[in-house]
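Taking it in order: structure first as structure tokens, then the write-up.
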Amino acid sequence: MASILIADPSNSNRLYLKLLLEMHGYDVLQAQNGHEAIRLFDDHAPHLTITEIALPDLSGAELVQHIKACSDEQFYPVFVITAVVGAQRLQGILQAGADDFLQKPFVEELFLAKVDSLLRNLDFYNDLKQSKEMLAQVHSNLAWEHQSAQRIFDKFVYGPRQLVPGLDVHISAASIFNGDVFFSSVTPSGHVITLLGDFTGHGLPAAIGAIPVAETFYSMVSAGRNIKEILLEINRKLKKILPDHIFFGCLVVEVSPKKRKAHVFNGGMQPILVFDGITPNVRRLMSNSLPLGVVENEHWHPELKSFMLEGHEQFVFYTDGVVEAVNAQGDMFGLERLVQALQGHRLHIPSLVEAAEDFCGDGEFDDDVSIVKLDIARVIEKTDMITARVLAEQLRDPSSWELSFYFGTHQLRQADKPVETVVDAISGTQPLVPFKDDLFMVITELYMNALEHGLLCLDSALKQDAQGFLHYAELKQRRLAQLNQGGIGIQIKQSPVSADQADIHITVTHDGEGVCDHVMAQPDGEVHRYAGRGIKLVRSLCHQFEFDEQGRKVTAIYRWERPHAKTH
Amino acid sequence: MNNFHAIHSGDTLTITLPRSFNMASYEAFNTAYQAGKGTTEYYVLDFAQTHHLDSAALGLLLLLREHLDGQGQRIKLINLSESVERTLHTAQFQTLFDIPELSTQV
């Protein structure tokens with residue numbers, strides 16, 4: 001039940017109010033003067049205080065001020081009932097914070113209605129206040145959760161990014177979380193690799209997909225996987241986890257400074273701009289693949305473009321946030337203005353950002369905006385640094401070890417990627433990432449040779465032309481399915497030559513009927529797994545190479561050497 | 001949310017997309033294509049009023065395609081503005097939908 005404090009020097013007034021209020025179910029406290037009223041208020045915190053303006057020791061306004069000073073945590077309404085008629089004194093007490101007043105004499109019903117309404121206000125106020133506090137609490141919890149999540153997000157998404165020479169990056173997010181991702185790293189073979197991507201929408205739903213993408217990208221890059229493998233794995237994951245209407249536009253630029261070669265992929269992103277670095281001419285590498293996360297891997301065929309570099313090129317790539325930035329008239333910044341802004345400011349990225357912001361007028365972008373420039377001249381200039389860092393990280397001292405594999409008939413029929421299994425095991429024993437591609441090629445050639453010619457007795461003379469090649473492939477598939485005996489053994493043995501060198505002996509044996517040492521005489525121009533290079537390629541990569549027992553046993557020796565990292 | 005203009009004719013449902021077709025159109029677009037459930041074999045999306053598509057709008061197109069179990073050839077996109085055409089081409093959506101205006105180009 002609501003409690004009410006009455007402060008009035010007149011005994012009869014107090015008694016009258018007390019009886020009236022008690023009759024209507026209120027608990028009543030009484031005070032004769034201001035100080036008593038303050039003490040009772042402090043001790044009992046009554047829901048409502050009713051006071052006369054004129055108290056013997058304090059002014060009513062002072063009592064009101066005291067009560068209102070306590071109203072921080074909770075609302076304490078004050079109701080003034082007075083015989084005073086002077087407008088000035090009434091104004092004074094209302095200014096001090098009194099909530100309502102009534103002049104004596106008054107009609108009982110009106111008095112009770114006002115008491116009731118003030119107490120209702122009190123409930124209303126306290127509910128509101130509680131909601132507000134709850135909201136503030138929820139908000140602060142949410143902000144805290146966001147902050148923690150952002151730290152985790154940044155750690156995953158931005159943490160592993162490697163500093164790469166020649167990069168100039170601008171990133172701005174429309175909310176705490178960014179739907180754009182940008183990764184850069186150096187591959188074990190010393191290539192610079194960058195990935196820029198854009199999830200549909202922005203904010204948390206868009207950003208959440210960035211974590212598995214970052215994980216996949218960095219772990220596969222450091223394991224020496226190629227762009228296509230990485231993209232397929234990311235696509236597979238995203239198709240599985242993303243809702244149907246969210247996808248991931250993505251581009252990859254990989255530069256090999258030693259070979260002066262670039263590999264580029266563009267799936268659903270704005271054109272990649274390639275400036276030749278001398279003239280204002282710009283080449284546009286358009287998207288030619290679906291974005292990632294739209295269709296299953298079996299329907300997705302990422303196409304890469306490869307081309308040679310002159311050495312002065314500048315790559316500029318960006319997410320659609322900048323070209324789709326809109327001004328007050330509803331016009332978009334667009335690709336042409338972007339190219340002009342770049343050409344007009346000698347490809348200076350901060351100037352481009354400024355030009356786009358000026359265009360928008362209010363200086364803020366509505367979407368996530370990322371712009372990246374990769375300066376090939378700088379990458380080439382720093383080749384030695386990149387290579388030295390990669391090798392220092394990855395090459396341990398050579399040691400002695402041996403691995404042995406045997407693929408029986410059944411395993412040969414169903415093995416998905418037998419050579420990868422072998423190369424992965426080698427990498428697990430001694431990380432040789434810079435030489436992984438070479439080892440993969442050598443082992444693949446020897447394995448294919450043993451399988452196709454040794455066990456399946458196929459004749460490579462069949463592969464003279466395209467027609468023959470098809471026939472060959474068909475025959476291979478049929479014979480493999482029917483294979484009921486024989487197997488292939490692969491032995492890998494490393495022996496150190498010096499502190500910086502080791503030989504890897506690769507021995508491939510088979511127990512089939514076919515003779516496979518004649519492959520040395522493969523006709524030129526043959527269409528084979530490695531564009532007709534076949535065994536010739538193995539010879540060029542290996543230090544030593546020989547056939548024994550009519551090709552039932554082939555041994556190749558691959559020598560790796562730790563390049564002399566320059567001391568800086 | 002304003003509704004989409006949709007006309008049923010035989011086994012074809014033609015949906016006219018609004019001027020701004022984006023994430024805010026999610027509900028209305030959903031309702032529009034769900035209306036054709038059961039009786040509709042072909043969907044025609046008319047972009048005559050739509051001048052621009054963002055990636056969220058592309059996501060909505062994918063929703064309709066998923067609704068048809070990935071049979072995008074049953075969805076024809078017509079009356080594309082230059083900007084819409086460019087966006088669809090960038091995303092290579094001509095491989096997912098029937099887009100006559102894009103397939104005539106190289």
Side-chain angles (χ1 to χ4, degrees), chain A residues 174 179-180 197-203 205-206 209 238-239 242-251 265-272 284-296 298-303 318-321 323-326 330-336 366-368, chain B residues 17-34 45 49-75 77 81-99 102-103 105-106:
Chain A
D180 287 357
D198 181 3
F199 283 94
T200 318
H202 51 77
L238 290 181
K239 176 63 190 158
L242 290 183
D244 291 333
H245 65 286
I246 294 185
F247 55 82
F248 181 57
C250 155
L251 62 85
F265 166 78
N266 184 350
M269 296 286 280
Q270 296 286 325
I272 298 168
R284 297 170 189 206
L285 307 175
M286 313 297 278
S287 152
N288 60 356
S289 294
L290 279 170
L292 285 72
V294 176
V295 294
E296 309 278 352
E298 53 184 302
H299 302 295
W300 193 61
H301 309 288
E303 271 182 55
Y318 45 91
T319 52
D320 52 13
V323 276
E324 290 179 1
V326 174
D331 298 326
M332 286 196 284
F333 187 61
L335 182 56
E336 296 320 313
D366 299 332
D367 194 2
D368 304 324
Chain B
L17 301 179
R19 196 180 146 75
S20 54
F21 180 52
N22 51 36
M23 208 54 219
S25 318
Y26 184 95
E27 286 288 335
F29 183 61
N30 244 318
T31 314
Y33 69 68
Q34 300 268 9
L45 302 181
Q49 297 171 24
T50 314
H51 297 294
H52 173 67
L53 284 187
D54 61 9
S55 68
L58 296 179
L60 296 182
L61 298 181
L62 292 176
L63 276 184
L64 172 56
R65 183 173 171 274
E66 276 319 303
H67 177 70
L68 303 181
D69 297 322
Q71 296 171 18
Q73 67 279 11
R74 287 165 59 191
I75 307 164
L77 277 48
S81 75
E82 202 184 312
S83 153
V84 168
E85 202 174 289
R86 203 166 42 229
T87 305
L88 289 167
H89 187 252
T90 294
Q92 293 284 298
F93 268 27
Q94 74 275 19
T95 63
L96 299 179
F97 297 92
D98 178 11
I99 311 180
L102 274 180
S103 56
Q105 300 179 345
V106 181

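Side chains are part of it too, since the values below use all heavy atoms of this structure and drop only hydrogens, waters and symmetry mates. Note that the structure is predicted; figures quoted are calculated from it, not measured. Throughout, protein chains are lettered first and strands after them, A, B, ... in sequence-line order, and every chain is numbered starting at 1.
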Item to check | Structural part of A:L290 lying under 4.5 Å from a heavy atom of chain B | outcome: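 Contact with chain B is through both the backbone and side chain of A:L290.
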
Next on the checklist: Which atoms of A:M269 are under 4.5 Å from chain B, going by heavy atoms: the side chain, the backbone, both sets, or neither?
Outcome noted: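 Contact with chain B involves the backbone of A:M269 alone.
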
Do you know which of [options] has the most heavy-atom pairs with chain B at a distance under 4.5 angstrom?
options: A:G334, A:G268, A:G249; value: A:G268
options: A:E324, A:H299, A:Q270; value: A:E324
options: A:N288, A:D320, A:N266, A:D198; value: A:N288

Item to check | B:H67 and B:Y33 aromatic ring geometry - parallel, tilted or perpendicular at 30°/60° bounds | outcome: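 Answer is tilted, since the angle falls between 30° and 60°.
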
Checklist entry - Can you tell me if A:S287 uses its side chain to pair, donor with acceptor, with the backbone of A:G267 under 3.5 Å? => result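 Flag not set: sc A:S287 to bb A:G267 has no pair under 3.5 Å.
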
Checklist entry - With distance as the sole test, does A:Y318 use its side chain to make a donor-acceptor pair with the main-chain N or O of A:P271 at under 3.5 Å? => result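 Yes; at least one donor-acceptor contact below 3.5 Å.
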
Checklist entry - With a 4.5 angstrom heavy-atom cut-off, which part of B:R65 approaches chain A: side chain, backbone, both or neither? => result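 For B:R65, side-chain heavy atoms alone lie under 4.5 Å from chain A.
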
Checklist entry - Under a 4.5 Å heavy-atom cut-off, does chain A meet the side chain of B:T95, its backbone, both or neither? => result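 Contact with chain A: side chain only.
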
Item to check | 4.5 Å side-chain heavy-atom contact, B:L45 and B:L64 | outcome: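 They are in contact (side-chain heavy atoms under 4.5 Å apart), so the answer is yes.
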
Item to check | Sole candidate of B:L77, B:L58, B:L53, B:L102 that passes side chain to side chain contact (heavy atoms under 4.5 Å, CB included) when paired with B:F93 | outcome: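 So the option named by the test is B:L58.
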
Next on the checklist: Please identify which of these residues, A:T200, A:I246, A:T319, meets the side chain to side chain contact (heavy atoms under 4.5 Å, CB included) condition with B:S55.
Outcome noted: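 Looking at A:T200, A:I246, A:T319, the match for B:S55 under the side chain to side chain contact (heavy atoms under 4.5 Å, CB included) is A:T200.
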
Item to check | Partner chain A: residue of B:L60, B:D54, B:L96 with the largest heavy-atom pair count (under 4.5 Å) | outcome: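 So the answer, after comparing B:L60, B:D54, B:L96, is B:L96.
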
